[in-house]
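Each remark here refers to the structure printed beneath this line.
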Amino acid sequence: MVYIKNSTQSIIDDNIQGLLRINPNLYQLGKSRILYNSLQDSSVIPILSGGGSGHDPAHYGYIGQGMLSAAIAGDLFTPPSYSEILEAIRFLNKGNGVFIIIKNFEADLQEFSKAINIAREEGIPVKYIVSYDGISVETTNFHLRHRGVAGTILLHKILGHATQNGASLDELEQIGLKLSSHIATLGVATKPATLPTNNKPMFSLTESNISFGIGINGEPGYKVEPFISSEILANELINKIKRYFRWKDGDRYAVLINNLGGTTQIELNIFTNDVLQLLEVEGIKVEFLKVGTFITSLDMSGVSLTLCQLDDDYWLNALNSPTTAQAWN
């Protein structure tokens, strides 16, 4: 396959330069891979997130008033180093501290934790939340993996709204801890991601088969089955998420349907229709719906389905509130 690039070594930095030209409100911190909102209000608590590259529009696309203050990226599917994260924390701190949203991957947790500990030793107030919405399972023991996937974007939006309304570090932590336990995501691939560094698929998936429970860093799922129909696929994902939430008739949810990278809009529309019909049969009240490309795995084809149980009206108000972040809009 042909991957549009100048060189393998410059992919990430060339991408950043393109983003800076597209969005004039994004600024780059020196020559780093830290981008920030040039219009950030210094009186509100700044929110930082990030991780490996290859998930566009995450996370740079969510920088803006009402969402992230800044984001940082590493190489493809590799988190930034703790020293780069620490640089971002120091820059963002204007005296009130920094709040961080971390996806639940071992390497991410290691680098972000080290940066947070050093920042705290320097006297910078830092609080964080770990996004663990993925309900895929390990193939060896079938325990939940709880990776941070598309549900992370809902944390960006709701916590970003909270900062605009004057939330303190402690309040952001309290909202995040409650919210993160009310979000669940499950994804399926129809084609694996291909690394532009070697043009090879990251796992094997034969034609007409789908992989359930894939990860956004190109990980294969917990089972492979022949694809039959969108309706059967939607039913499988909804039943898995239903077992997680144990919902009842009349429960209120926000729904996020995400293109993992290479899926067409026609496919998303068909899948969305099936999801909403099945949730209606379940008696679920869908009070917020967002469909599009929010967090990808390079060119992986497939979808992920995220449900957020709306136990708090504040969360719904936050999801509907305005933001200048381009990827949300």
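What you see is a predicted model, and the numbers here were worked out from it, not measured in a lab.
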Measure the shortest side-chain to side-chain distance between [X] and [Y] over non-hydrogen atoms and say whether it is less than 4.5 angstrom.
{"X": "Val98", "Y": "Ile45", "result": "no"}
{"X": "Glu122", "Y": "Arg90", "result": "yes"}
{"X": "Arg145", "Y": "Ile135", "result": "no"}
{"X": "Val255", "Y": "Lys290", "result": "no"}
{"X": "Ile22", "Y": "Gln326", "result": "yes"}
{"X": "Tyr62", "Y": "Thr323", "result": "no"}
{"X": "Tyr132", "Y": "Ser180", "result": "yes"}
{"X": "Leu307", "Y": "Ile183", "result": "no"}

Test: Lys5 and Asp14 ion pair at under 4.0 Å: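 Salt bridge absent between Lys5 and Asp14.
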
Determine, for Arg33 against Asp13, whether the closest basic-nitrogen to carboxylate-oxygen distance falls under 4.0 angstrom.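 Salt bridge: yes.
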
Nearest heavy-atom pair of [X] and [Y]: which atoms, and what distance?
{"X": "Phe77", "Y": "Gly54", "result": "CE2-O, 3.9 Å"}
{"X": "Gly123", "Y": "Pro125", "result": "O-CD, 3.4 Å"}
{"X": "Leu289", "Y": "Val291", "result": "CD1-CG2, 3.8 Å"}
{"X": "Ile284", "Y": "Lys248", "result": "CD1-O, 4.1 Å"}
{"X": "Gly51", "Y": "Asp108", "result": "CA-OD2, 3.6 Å"}
{"X": "Ser181", "Y": "Tyr244", "result": "O-OH, 4.1 Å"}

Among Phe288, Trp315, Phe245, which residue meets the ring pair (Phe, Tyr, Trp, His ring centres under 6.0 Å) test with Tyr253? Phe245

Any donor-acceptor pair under 3.5 Å linking the side-chain atoms of [Y] with those of [X]?
{"X": "Lys157", "Y": "Ser321", "value": "yes"}
{"X": "Gln40", "Y": "Gln65", "value": "no"}
{"X": "Gln309", "Y": "Trp247", "value": "no"}
{"X": "Asp133", "Y": "Ser131", "value": "yes"}
{"X": "Thr272", "Y": "Asn269", "value": "no"}

Strictly distance-based, threshold 3.5 Å: is any side-chain N or O of [X] a donor or acceptor partner for the main-chain N or O of [Y]?
{"X": "Thr152", "Y": "Lys103", "value": "no"}
{"X": "His55", "Y": "Thr296", "value": "yes"}
{"X": "Asn239", "Y": "Asn235", "value": "yes"}
{"X": "Ser69", "Y": "Leu48", "value": "no"}
{"X": "Arg252", "Y": "Leu310", "value": "yes"}
{"X": "Thr163", "Y": "Gly160", "value": "yes"}
{"X": "Thr78", "Y": "Leu76", "value": "yes"}
{"X": "Ser10", "Y": "Asn6", "value": "no"}
{"X": "Glu236", "Y": "Leu233", "value": "no"}

Got a sec, which residues hit ring pair (Phe, Tyr, Trp, His ring centres under 6.0 Å) with Phe212, two or more places apart in sequence or on another chain?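 Ring pair (Phe, Tyr, Trp, His ring centres under 6.0 Å) list for Phe212, sorted by chain: empty.
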
Residue list, ring pair (Phe, Tyr, Trp, His ring centres under 6.0 Å) with Phe294, at least two apart or on another chain: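 Phe294: no ring pair (Phe, Tyr, Trp, His ring centres under 6.0 Å) contacts found.
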
Enumerate donor-acceptor pairs with a distance under 3.5 Å from any side-chain N or O in residues 188-195 to protein atoms, sequence neighbours excluded.
from: Thr190; atom 1: OG1; to: Ser301; atom 2: O; distance (Å): 3.3
from: Lys191; atom 1: NZ; to: Asp299; atom 2: O; distance (Å): 3.1
from: Lys191; atom 1: NZ; to: Asp299; atom 2: OD2; distance (Å): 3.2

For atom [atom1] of [X], is the number of surrounding heavy atoms from other residues, nucleotides or ligands below 6.0 Å larger than 12?
{"X": "Glu280", "atom1": "CD", "answer": "no"}
{"X": "Ile266", "atom1": "CD1", "answer": "no"}
{"X": "Tyr27", "atom1": "OH", "answer": "no"}

